[in-house]
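Structure first, then comments.
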Amino acid sequence: MGTLSRVKPVSGIMRGMYGLFAGITTLDVAQLTAGTVHENQKVTSLDQMLAAGGPATNAAVVFSHLSRLTERDTTPHGGPNPGGAMAPVLVTAIGQGPAAHLILEDLEAQNVALVDCTDYEAEVPEQTGKLDFTPSLSAILINAQNNARTVASTNTRLPLKPEYASETLEAMGKPQVVLVDGHNPDLAMTILKHGVPDSEDPFDALEHKPDYLRILDGGSWKPWLPPMLGYIDVAVISADFMPPGAVTFEDTVAFLRGFGIERVIRTAGADPVQWYWLGKSGRVAPPAVTAIDTLAAGDNFHGAFAWGCAHGIVNRDTEDPTPLIDFSNRVASMSTTSFGTRAWLGDIESLSAEIERLL
């Protein structure tokens with residue numbers, strides 16, 4: 001239980017007034033280059049960025065900023081927290097060492113509460129004879145000529161103990177929204193089942209629908225996803241998300257509906273967002289912008305969408321999700337107009353204008 005001291009204090013968060021995010025956290029090291037970097041070539045970059053990354057992590061950061069911007073406003077649509085900022089709580093694995101300290105400092109600066117589920121008492125692997133608690137690192141090159149990105153990452157690598165999340169969240173009450181990014185499947189299952197009543201019948205758990213929506217950030221298909229799909233209410237996926245046998249968006253919708261998912265949203269870069277929602281479907285085109293860096297644009301869409309769900313813009317009774325999809329499109333597009341995953345968040349005026357447009 002000593003690792004729980006590495007929780008960025010959740011005691012200051014009002015019970016039930018938080019968005020819950022779970023997934024991988026990396027340390028992103030990005031360089032903006034003037035052109036393509038070839039093998040064995042050394043170049044001087046135009047700009048650099050060092051920040052915590054990962055799909056759920058980036059989404060939590062956006063959620064935090066949007067919530068703070070609405071702190072002094074009254075939330076319409078019967079939102080759960082009028083006049084107050086709702087906090088994001090990130091359940092992940094951080095690890096130890098210099099890279100972990102950089103991640104922790106960045107998340108603190110972004111006002112993201114943290115539950116570190118790294119298992120520091122895990123068994124030592126026989127093949128290596130040691131445990132490495134260095135967090136995942138992502139080395140990223142962004143080509144300023146065409147916005148192309150090259151990413152190398154170790155992805156999930158830290159031993160986990162999901163029980164740490166259960167013990168911490170038990171005292172916090174139910175969240176207003178849940179988002180999992182598909183990494184760390186054991187951790188994702190723990191979060192998706194948070195607040196689901198225990199039952200000897202496994203179908204009881206699948207049929208239980210909490211007041212809040214549970215969102216899947218589906219960047220790509222992963223073979224371990226099927227067990228968790230039955231707990232998902234909204235699948236927000238990318239064009240790269242292709243389950244077995246799927247060729248078209250309609251194929252993917254049919255596949256996900258087989259698991260009970262009746263709300264599917266698919267982003268495709270600058271192309272229109274396709275959506276299927278309770279039997280209806282449509283498209284929402286993103287605004288035209290001059291993109292500089294598309295890194296984490298999808299994550300930012302997810303963070304904006306989760307914020308809207310937490311504040312009652314979209315709920316289980318909503319029939320038309322297009323206003324929130326349009327807002328999420330606009331936030332994601334705005335994020336592509338500057339280099340890195342943090343600089344665009346400083347444009348308070350533009351973000352506030354988009355919030356006002358939605359509300």
Side-chain angles (χ1 to χ4, degrees), residues 1-8 10 13 15-16 18-26 54-57 59-60 63 87-95 107 112-123 133 135-136 155-219 222-236 259-261 302 306 309-310:
M1 293 300 298
T3 54
L4 286 181
S5 63
R6 299 194 61 200
V7 176
K8 179 182 180 288
V10 294
I13 297 175
R15 181 178 172 84
Y18 67 99
L20 182 56
F21 297 79
I24 188 174
T25 300
T26 65
T57 303
F63 185 98
V89 176
L90 175 65
V91 181
T92 187
I94 298 296
L107 292 178
V112 174
L114 173 70
V115 181
D116 180 12
C117 291
T118 307
D119 184 2
Y120 296 102
E121 300 175 354
E123 294 184 6
F133 290 112
S136 300
N155 279 337
T156 303
R157 65 192 308 272
L158 293 172
L160 288 169
K161 195 162 186 177
E163 293 87 342
Y164 290 157
S166 300
E167 295 164 358
T168 302
L169 296 174
E170 185 176 350
M172 296 183 61
K174 66 181 181 181
Q176 296 299 336
V177 70
V178 165
L179 181 144
V180 298
D181 67 15
H183 293 276
N184 296 329
D186 291 340
L187 190 58
M189 285 298 292
T190 298
I191 300 308
L192 290 171
K193 291 183 177 181
H194 174 54
V196 174
D198 293 329
S199 174
E200 295 182 358
D201 186 347
F203 290 101
D204 288 346
L206 291 171
E207 292 172 359
H208 175 77
K209 302 300 180 185
D211 297 336
Y212 54 86
L213 292 172
R214 296 165 295 187
I215 302 170
L216 170 67
D217 172 350
K222 299 173 179 63
W224 56 79
L225 285 177
M228 69 177 69
L229 292 180
Y231 297 93
I232 295 297
D233 301 304
V234 186
V236 185
F259 291 87
I261 301 174
H302 301 144
C309 292

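This chain uses plain numbering: 1 for the first residue, then up along the sequence. Worth knowing before you read on, the calculation uses all heavy atoms, side chains too, and leaves out hydrogens, waters and symmetry mates.
With sequence neighbours excluded, no residue satisfies side chain to side chain donor-acceptor pair (under 3.5 Å) with Asn155. A search for side chain to side chain donor-acceptor pair (under 3.5 Å) contacts involving Asp181 returns nothing, not counting sequence neighbours. Under the salt bridge (charged side-chain N to carboxylate O under 4.0 Å, His left out) criterion, Asp186 pairs with no residue, sequence neighbours left out. Lys174 is linked by a salt bridge (charged side-chain N to carboxylate O under 4.0 Å, His left out) to Asp211, counting only residues two or more places apart in sequence or in another chain. With sequence neighbours excluded, the residues satisfying ring pair (Phe, Tyr, Trp, His ring centres under 6.0 Å) with Phe259 are Phe255.
Contact record, Pro162 with Thr190: CB-OG1, 3.2 Å, taken as the closest heavy-atom pair. Here the shortest heavy-atom pairing between Leu20 and Pro175 reads CB-CB, 4.0 Å. The nearest pair of heavy atoms linking Ala188 to His183 is CB-O, 4.3 Å. Shown here for Leu158 and Pro135, the closest heavy-atom pair between the two residues is CD1-CA, 4.1 Å. Closest of all the heavy-atom pairs between Gly173 and His194 is O-NE2, 3.5 Å. Taking both residues in full, the closest heavy atoms of Cys117 and Val91 are given as SG-CG1, 3.7 Å, listed atom of the first, atom of the second, then distance.
The distance from the CG atom of Leu114 to the CD1 atom of Ile94 is 5.0 Å, given to the nearest 0.5 Å. The structure places CD1 of Ile232 at 5.0 Å from CG of Leu216, a figure rounded to the nearest 0.5 Å. Atom CD1 in Ile261 sits 4.5 Å away from atom CG in Leu229 (nearest 0.5 Å). One distance of note links CG of Leu206 with NZ of Lys193; it measures 8.0 Å at 0.5 Å rounding. In this structure, CZ in Phe21 is found 7.5 Å from CD1 in Ile215, a value given to the nearest 0.5 Å. Taken from CD in Glu163 to OG1 in Thr168, the straight-line distance is 11.5 Å, to the nearest 0.5 Å.
Inter-residue side-chain proximity for Asp119 and Glu121 is flagged as met; some heavy-atom pair is nearer than 4.5 Å. Residues Leu169 and Ile191 have side chains in contact (heavy-atom distance under 4.5 Å, counting atoms from C-beta outward). Looking at heavy atoms from C-beta onward, Pro159 lies out of side-chain contact with Tyr120 at the 4.5 angstrom threshold.
Looking only at distances, no side-chain donor or acceptor of Ser136 sits under 3.5 Å from a matching main-chain atom of Thr26. Here the side chain of Tyr18 pairs no donor or acceptor atom with the backbone of Val177 at under 3.5 angstrom.
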*Steps toward side chain to side chain contact (heavy atoms under 4.5 Å, CB included) verdict (Asp116, Thr92)*: CA-CA 5 Å; Asp116 180 12; Thr92 187; 5.8 Å; no

*Derivation and outcome, side chain to side chain contact (heavy atoms under 4.5 Å, CB included), residues Leu107 and Thr57*: CA-CA 9 Å; Leu107 292 178; Thr57 303; 3.8 Å; yes

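Applying the side-chain hydrogen bond (donor to acceptor under 3.5 Å, both in side chains) test to every pair with at least one member in residues 224-233, sequence neighbours left out, gives these pairs: Arg214-Asp233, Asp233-Arg316.
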